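Notes follow once the structure below has been shown.
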Amino acid sequence: VSVANTLVSMYAKCGSLDNALSVFYDIYEPNVVSWTTLIVAYVHLKLCESAILFFSQMLLEGVLPNIITFLSIISACASQEKLLNGMHIHAQVVACGFELDVSIGNALISLYGKYKNLENAKMIFDKMPTRDKVSWNSLIASYAQLGHSKEALKLLRDMREGGMSLDRVTLVSVLEACAIELDLDEGKQVHAHICGEWADLDSILGSALISMYAKCGSLQDSEAVFNKVHDRSVVFWTSMISAYVQHEQSHQSIQIFEQMKLEGTIPDDLALYTALSACFGQNGLDRGKWMHAGIVGSREKIEALVSNALLSMYSKCGSIRDAKNVFKRLTKKSVVTWTTMITACAQSGQPNQALRFFAQMQLDGVPPN
RNA sequence: CAUUUCAGUCACGCCG
């Protein structure tokens, strides 16, 4: 069984769910590790519904979940919206007597954070018999992501007073909090702390610093960070592209985008989205068309996010005609897609066309929000 | 043999 489990895990990590599944189904009596491995595979592919289904199936077959199973299933629940699943799992954790485990507590903190339920997150935290760095990080991240940055920064202070050392995860969350608060001073202090603690920045901390500085209005600092990091991920590049967009520097932004491609980093949807949003102003339309052509030439299908970005780009650049052309060729149109078109027409003196789109949208089965 | 926290992002409107 162990050998088969390892195989399942290996196939899953290579992205071959089919192979993983067929090995799993050939296991005579799958044990708790087999099931957990499968659940994790689905969670990593964001197929959380299925992960939860496998969990139920496992229970039906009389296999008892252990702590690791619960950790996996809690993270499955955290990445989907259904509150009920999460509450249900929490109850089961308690019933199995696992609720005092540190890792379980950590996962639950994060779960309630994702559910925007900070009271419960804090309650779990307070009730934990022992806390580790992850406990603090989870709670701080929850506060930071929900925009409660003051509390996040306060927790940081408590954490340090309690003698906990900070790690990269802590700092990323704190930088996010600084960005929301537009607290440049605190952000710089965190940056100084980072420089004192590690010889070089990695691309995750780098991205967080770039966007913190950009949001706090200090583009020069973003640039300085950008130049210091050499192991650049797509996210890292995108942060810099976005920083220039926020400061309305279309040209610089596109230049970074081009440099990224030259250095061999393949842009993902969000990178394309951001680069397209950099096409505005004087040469905006030309840059946008050029980019559009590049996108069409380099990928099979265009994702929703990217096509929406194309629509906004064309309408921002004043070419409703091009926007309509893109729009016509889309197979899936969301409310956002329709609203982009409606707004484009409305703002360019074509109110009747806007109303026509509005009517068509409803005929298409998309309800207005 | 499997496991918990972290970075770039969406249209419109409202408030700051």
Side-chain angles (χ1 to χ4, degrees), chain A residues 1-10 12-13 30-41 43-44 65-76 78 101-111 113-114 121 132-142 144-145 167-176 179 202-212 214-215 233-243 245-246 267-277 303-309 311-312 315 333-344 346-347 368-369:
Chain A
V1 184
S2 312
V3 177
N5 291 343
T6 307
L7 261 179
V8 173
S9 172
M10 188 212 75
K13 281 186 181 127
N31 62 17
V32 59
V33 177
S34 321
W35 285 101
T36 305
T37 307
L38 201 62
I39 290 170
V40 170
V43 175
H44 283 159
N66 61 19
I67 287 183
I68 298 181
T69 316
F70 274 117
L71 290 175
S72 316
I73 205 68
I74 291 170
S75 90
D101 179 84
V102 195
S103 300
I104 290 284
N106 297 342
L108 287 172
I109 291 172
S110 173
L111 176 77
K114 298 264 160 55
D132 61 11
K133 216 181 283 185
V134 176
S135 322
W136 286 93
N137 288 346
S138 305
L139 193 62
I140 291 176
S142 299
Q145 282 167 3
D167 65 8
R168 307 172 118 85
V169 177
T170 324
L171 295 165
V172 166
S173 301
V174 169
L175 286 171
E176 199 181 342
D202 66 8
S203 102
I204 295 189
L205 274 173
S207 310
L209 281 167
I210 288 176
S211 59
M212 181 278 291
K215 291 197 176 105
S233 66
V234 211
V235 176
F236 181 81
W237 285 101
T238 309
S239 307
M240 196 61 227
I241 296 171
S242 171
V245 173
Q246 285 163 44
D268 64 6
D269 294 340
L270 205 53
L272 292 176
Y273 172 87
T274 310
L276 281 167
S277 72
E303 300 299 323
L305 191 66
V306 178
S307 40
N308 287 340
L311 296 181
S312 333
S315 72
K333 304 179 175 82
S334 68
V335 211
V336 176
T337 314
W338 285 101
T339 310
T340 306
M341 280 317 288
I342 294 170
T343 313
Q347 288 175 354
N369 63 10

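We name chains A, B, ... by the order of the sequence lines, and we start the count at 1 in each one. Note that the structure is predicted; figures quoted are calculated from it, not measured.
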Quiz item: Judged by atom type as modelled, is there a donor-acceptor pair below 3.5 Å linking the side chain of A:Ser239 to the main-chain atoms of A:Val235?
Solution: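 Yes; at least one donor-acceptor contact below 3.5 Å.
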Quiz prompt | Backbone N/O of A:Thr238 and side chain of A:Ser242: donor-acceptor pair under 3.5 Å | solution = no
Quiz item: In the 5'-to-3' direction, what one-character label does each nucleotide of nucleotides 2-8 of chain B receive under the scheme B = base within less than 4.0 Å of a protein heavy atom, S = sugar-phosphate only, - = no such atom?
Solution: BBBBBBB
Exercise. If a protein heavy atom is under 4.0 Å from the base, mark B; if only from the sugar-phosphate, S; if neither, -; do that for nucleotides 11-16 of chain B going 5' to 3'.
Key: BS----
When rounded to the nearest 0.5 angstrom, what is the spacing between [atom1] in [X] and [atom2] in [Y]?
X        : Y        : atom1 : atom2 : value
A:Ser103 : A:Leu71  : OG    : CG    : 5.5 Å
A:Leu171 : A:Leu205 : CG    : CG    : 6.0 Å
A:Thr170 : A:Ile140 : OG1   : CD1   : 6.0 Å

Self-check item: Heavy-atom pair with the smallest gap, counting every atom of A:Tyr273 and A:Leu305
Solution: CD1-O, 3.6 Å
Exercise. Applying salt bridge (charged side-chain N to carboxylate O under 4.0 Å, His left out), name anything that partners A:Asp269, two or more places apart in sequence or on another chain.
Key: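 Partners of A:Asp269 by the salt bridge (charged side-chain N to carboxylate O under 4.0 Å, His left out) criterion, ordered by chain and then number, come out as A:Arg299.
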